[in-house]
Amino acid sequence: MSLRNLLLGLALLAAPWAAAAQEQPREAPVAAPAEVSTNSAVRDVYHALFFDSGIFDTMTSEFLPEYRRQATSSVYYRRASGERREALDRVIEATPQYMREEIMAETFVMADNVSERAAELLSANDIAMLANFLRDPNWRPFMARMALQGANKGPDSIGADDLSAEEEAQMNDYAETHFSPQLMENGGAFMNLLVGEMRAASPRLQPRIQRRLAVEICAALDDRCPRELRDQIRTL
């Protein structure tokens with residue numbers, strides 16, 4: 001699998017998961033340990049993909065204003081006043097952090113589900129090479145551009161022509177010096193594992209985030225929390 005196709009897939013993979021979150025401080029690059037388990041290496045790739053690659057920052061900056069507008073137009077917000085509205089404002093601003101926490105919690109489940117198969121394709125150190133690549137700030141502009149294009153126009157809008165000759169040359173140079181032959185050979189199959197598990201995780205993650213937000217909103221409204229919201233918390 002070419003490095004170009006690998007990167008296009010990574011950018012498209014992460015964009016939907018990051019679309020509703022707020023910009024967070026960027027993580028400092030962290031060197032991978034010399035010896036890591038496959039499970040922790042897979043979790044690290046997920047973290048690097050969602051957050052350290054810059055996709056999280058890009059997507060949240062793009063979609064946060066609309067999220068905030070919708071939240072402040074909601075019935076709960078319009079009916080609130082005084083301290084309760086201030087509490088709801090804090091929930092709105094904290095929503096991205098709630099989502100970040102739930103996504104990170106889900107990466108533990110995803111890693112547990114794919115680690116055995118991942119170990120048949122790549123060593124933990126091979127997987128760590130990919131995580132380190134995603135943390136390299138040189139690729140942030142590319143990842144941001146692809147994620148936004150995929151989110152706004154759909155995954156079919158992205159193709160090989162979206163990669164400039166200079167970017168492709170830089171990626172090839174990086175691969176030659178940093179990637180193992182095993183990663184280049186089995187990176188596509190490893191990506192298929194990530195894609196399949198993320199698709200399986202989405203139905204798990206969405207209700208958990210909804211419940212988390214409902215709990216926080218209900219706490220902000222205190223004794224004015226409506227019955228339908230309390231029922232939503234019980235049933236999600």
Side-chain angles (χ1 to χ4, degrees), residues 1-18 21 24-60 99-147 150 163 167 170-199 201 205:
M1 183 183 191
S2 72
L3 184 57
R4 172 177 60 195
N5 290 336
L6 180 63
L7 262 288
L8 290 172
L10 285 169
L12 287 174
L13 180 64
W17 280 56
Q24 297 290 326
R26 291 181 176 176
E27 304 282 339
V30 178
E35 297 278 341
V36 294
S37 69
T38 298
N39 189 287
S40 62
V42 171
R43 290 201 312 270
D44 194 45
V45 165
Y46 276 129
H47 190 283
L49 174 61
F50 299 140
F51 305 113
D52 300 338
S53 69
I55 288 180
F56 187 90
D57 294 348
T58 299
M59 299 300 291
T60 56
M99 296 187 67
R100 182 186 180 101
E101 292 168 2
E102 297 300 335
I103 289 172
M104 289 309 303
E106 184 62 30
T107 64
F108 282 80
V109 179
M110 293 190 290
D112 287 344
N113 290 342
V114 305
S115 289
E116 183 175 351
R117 287 170 291 166
E120 298 172 357
L121 297 169
L122 299 172
S123 71
N125 285 336
D126 289 327
I127 298 171
M129 292 176 194
L130 183 56
N132 286 337
F133 173 84
L134 292 168
R135 290 192 171 96
D136 191 319
N138 289 326
W139 314 124
R140 284 178 180 268
F142 170 80
M143 297 294 283
R145 191 172 78 248
M146 294 300 99
L163 188 67
E167 287 172 329
Q170 290 174 340
M171 289 180 184
N172 287 335
D173 288 343
Y174 185 100
E176 289 177 2
T177 56
H178 294 83
F179 281 5
S180 67
Q182 191 77 0
L183 177 56
M184 295 303 297
E185 180 180 353
N186 292 336
F190 178 72
M191 276 299 303
N192 287 338
L193 281 181
L194 297 186
V195 170
E197 185 56 30
M198 287 185 67
R199 288 174 178 164
L205 184 65

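For the atom pair Met198 CE and Leu49 CG, the distance stands at 6.5 Å (nearest 0.5 Å). Atom-to-atom distance recorded for Asn138:CG and Gln170:CD is 6.5 Å, nearest 0.5 angstrom. Summarising the geometry, atom CG belonging to Leu130 is positioned 13.0 Å from atom CG belonging to Asn125; distances are rounded to the nearest 0.5 Å. Here the straight-line distance linking atom CD1 of Ile103 with atom NE2 of His47 works out to 10.5 Å at 0.5 Å rounding.
For Asn113, the side-chain contact (heavy atoms from CB on, under 4.5 Å) test picks out Val109, Glu197, Arg204, with sequence neighbours left out. Every side-chain contact (heavy atoms from CB on, under 4.5 Å) that Ala144 has, sequence neighbours left out, goes to Thr58. In this structure Asn186 satisfies the side-chain contact (heavy atoms from CB on, under 4.5 Å) test together with Leu121, Leu122, Gln182, sequence neighbours excluded. In terms of the side chain to side chain donor-acceptor pair (under 3.5 Å) criterion, Thr38 has no residue partners (sequence neighbours excluded). Shown here are the side-chain contact (heavy atoms from CB on, under 4.5 Å) partners of Ala48, two or more places apart in sequence or in another chain: Asp52, Ala131, Leu134, Arg135. Annotation: side chain to side chain donor-acceptor pair (under 3.5 Å) contacts of Glu101 (sequence neighbours excluded): Gln97, Arg212. The side chain to side chain donor-acceptor pair (under 3.5 Å) search around Asp173 returns none, not counting sequence neighbours. The side chain to side chain donor-acceptor pair (under 3.5 Å) search around Asn192 returns none, not counting sequence neighbours.
Put simply, the side chain of Ser53 never gets that close to the backbone of Phe50: no donor and acceptor are under 3.5 Å apart. Asp126 contributes a side-chain N or O that, together with a main-chain N or O of Ser123, makes up a donor-acceptor pair within less than 3.5 Å.
Considering all non-hydrogen atoms of both residues, Met129 and Ser180 come closest at SD-N, 3.4 Å. When all heavy atoms of Pro137 and Pro141 are compared, the pair lying nearest together is O-CD, 3.8 Å. Nearest heavy atoms, Asn39 versus Ser115: CA-OG, 3.2 Å. When every heavy atom of Arg140 is checked against every heavy atom of Gly54, the shortest pair comes out as NH1-CA, 3.0 Å. The two residues Ala118 and Leu193 have their closest heavy-atom pair at N-CD1, 3.6 Å. Shortest non-hydrogen contact noted between Phe51 and Met104 is CE1-SD, 3.0 Å.
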*Could you give me the CA-CA distance, side-chain angles and deciding distance for Tyr46 and Leu194, then say whether side chain to side chain contact (heavy atoms under 4.5 Å, CB included) is met?*
CA-CA 9 Å; Tyr46 276 129; Leu194 297 186; 3.4 Å; yes
_Chi angles and distances behind the side chain to side chain contact (heavy atoms under 4.5 Å, CB included) call for Phe133, Val45_ = CA-CA 10 Å; Phe133 173 84; Val45 165; over 6 Å; no
